[in-house]
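Report on one structure; see the data block that follows.
Just so we're clear, the structure is a prediction, and the values are computed from it rather than from any experiment. The residues of the chain are indexed from 1 along the displayed sequence.
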Amino acid sequence: MANCRSSYSDPTAQNPSNFASSGCAGVCMMSSKWRDEQHPSFINFISSFLSANSFRLNFVLVAPDFIFNCGGMSISFVFITTWDCHNTAVVFSRIKKLKEQFANFYVVLALPTREQNDSFVRSYFKYGMELGRPTFVPVQDSEMGFEKIIKIAHSRGVCKRQDAISKLKAERRRAVQTMDVFLRVVTSIPLIDNHDANALNQAIGSIEAIAKASKTYILENTDLSAEKAEMIVRFFRDPKLYLSPKIN
């Protein structure tokens with residue numbers, strides 16, 4: 001491969017704040033067809049780079065050149081390491097098909113010469129590509145291209161993970177708020193304290209379910225006394241009690 005430099009050093013050794021330090025890990029699926037078209041030394045570089053950044057590498061038959069599963073997100077890439085100025089139609093035809101099949105799709109291409117860069121720009125407009133669909137990432141050489149791929153996969157995975165954490169925190173806040181309302185309502189029943197309310201929540205469930213429960217059912221499924229069970233049944237059936245609750 002013309003762009004592969006065997007003397008290229010691992011970027012993670014040059015930059016202390018590498019991806020591995022962030023705890024990022026995932027799976028990289030490389031197209032076996034793409035692999036067979038590359039120089040063995042470049043595949044070795046990729047394998048070492050992935051290992052250094054806690055990614056597991058699998059060789060599979062996939063339509064894109066790479067699919068990364070990182071942080072619960074799947075990101076696909078076409079990686080063009082050698083731009084052929086005389087074979088652009090096939091390249092863009094493939095890209096158009098893949099962009100309809102994969103939601104998170106990027107095209108990384110090595111354009112070391114001005115002639116190749118100009119050819120790409122002309123072809124981009126010639127074949128009517130939409131801006132950002134997919135995102136094209138031109139680079140100077142193949143090693144830089146793969147580093148870009150890792151950075152994109154890493155950042156998308158982190159964003160996905162942070163979004164999931166934010167949603168989980170929001171759900172927890174809602175659960176706490178819901179439980180707080182539940183306790184305020186149930187402890188407004190005369191004789192019922194927080195322990196009783198928690199016991200009712202665990203054994204019976206919602207306020208609606210408690211309102212429908214019989215005295216016998218409450219006694220059989222909780223440690224509440226007969227007096228408290230009777231009070232709960234009366235509370236939800238006697239307007240004199242439930243129309244004027246005591247909110248603690």
Residues at least two apart in sequence or cross-chain that pass side chain to side chain contact (heavy atoms under 4.5 Å, CB included) with V60, listed by chain then number, are M29, N58, V62
Is any side-chain heavy atom of N69 closer than 4.5 Å to a side-chain heavy atom of M73?
no
Does any N or O in the side chain of N221 come within less than 3.5 Å of the main-chain N or O of Y217, such that one atom is a donor and the other an acceptor?
yes
Over all heavy atoms of both residues, which pair between A110 and T81 is shortest? Give the atoms and the distance, please.
CB-O, 3.7 Å
May I have the list of side-chain donor-acceptor pairs in residues 122-135 shorter than 3.5 Å, sequence neighbours left out?
{"residue": "S123", "atom": "OG", "partner": "S119", "partner atom": "O", "Å": "2.8"}
{"residue": "Y124", "atom": "OH", "partner": "E130", "partner atom": "O", "Å": "3.4"}
{"residue": "Y127", "atom": "OH", "partner": "T88", "partner atom": "OG1", "Å": "3.4"}
{"residue": "Y127", "atom": "OH", "partner": "A89", "partner atom": "N", "Å": "3.4"}
{"residue": "E130", "atom": "OE2", "partner": "R133", "partner atom": "NH1", "Å": "3.2"}

Closest approach of L111 and P138, non-hydrogen atoms and distance?
CD1-CB, 3.9 Å
Any non-hydrogen side-chain atom of S31 less than 4.5 Å from a side-chain atom of R35?
no
Spell out, as yes or no, whether a donor-acceptor pair under 3.5 Å connects the side chain of R237 to the backbone of V233.
yes
So N198 and M179, do their side chains get closer than 4.5 Å, heavy atoms only?
yes
Heavy-atom nearest pair, V139 first then G145, reads CG2-CA, 3.6 Å
Report yes if some heavy atom in the side chain of P112 is under 4.5 Å from a heavy atom in the side chain of W83; otherwise report no.
no
Assess, by modelled atom type and distance only, whether the side chains of H195 and D223 contain a donor and an acceptor separated by less than 3.5 Å.
yes
Assigning hydrophobic clusters by single linkage (Ile, Leu, Val, Met, Phe, Trp, Tyr; side-chain heavy-atom cutoff under 4.5 Å), is W34 placed with V137?
yes
Quick one: CD1 on I75 to CD1 on I67, what's the gap to the nearest 0.5 Å?
10.0 Å
Carboxylate-amine/guanidinium contact E147 K151, below 4.0 Å
yes
For the student: nearest non-hydrogen atoms of F105 and K99, plus distance
CD2-CA, 3.6 Å
For residues I218 and A229, report the shortest heavy-atom separation together with the two atoms involved.
CG2-CB, 3.9 Å
OG1 of T222 to CG of N201, rounded to nearest 0.5 Å, is 12.5 Å
Do T187 and D193 touch side chain to side chain, with heavy atoms closer than 4.5 Å?
no
Taking the side chain as every heavy atom from C-beta outward, state whether F79 and I149 have any pair of such atoms under 4.5 Å apart.
yes
Validation row: R94, L98 side chains within 4.5 angstrom (heavy atoms):
yes
Rounded to the nearest 0.5 Å, the CD1 atom of I207 sits from the CD1 atom of I189 at a distance of 8.5 Å
I would like to know whether I80 and F136 meet side-chain contact (heavy atoms from CB on, under 4.5 Å); could you show each step before the answer?
CA-CA 11 Å; I80 303 169; F136 285 81; over 6 Å; no
Centres of the F55 and F68 rings: under 6.0 Å?
yes
Mark yes or no for whether N53, through its side chain, and L50, through its backbone, hold a donor-acceptor pair below 3.5 Å.
no
Mind checking the CD1-CZ spacing from I232 to R234? Nearest 0.5 Å is all I need.
12.5 Å
From I192 CD1 over to K228 NZ, what is the distance, rounded to the nearest 0.5 angstrom?
5.5 Å
Could you tell me if the side chain of F77 sits less than 4.5 Å from the side chain of P64, heavy atoms only?
no
Quick check on the 6.0 Å ring-centre criterion: do F146 and F66 meet it?
yes
Shortest non-hydrogen contact from F182 toward A197:
CE2-O, 3.3 Å
Angle class for the F45/F49 ring planes (parallel below 30°, perpendicular above 60°, tilted otherwise)?
tilted
Other residues, nucleotides, ligands: >12 heavy atoms within 6.0 Å of E100 CD:
yes
To the closest 0.5 Å, what do you measure between SG (C70) and CD1 (I152)?
12.0 Å
Residue list, salt bridge (Lys or Arg N to Asp or Glu O under 4.0 Å) with E220, at least two apart or on another chain:
none
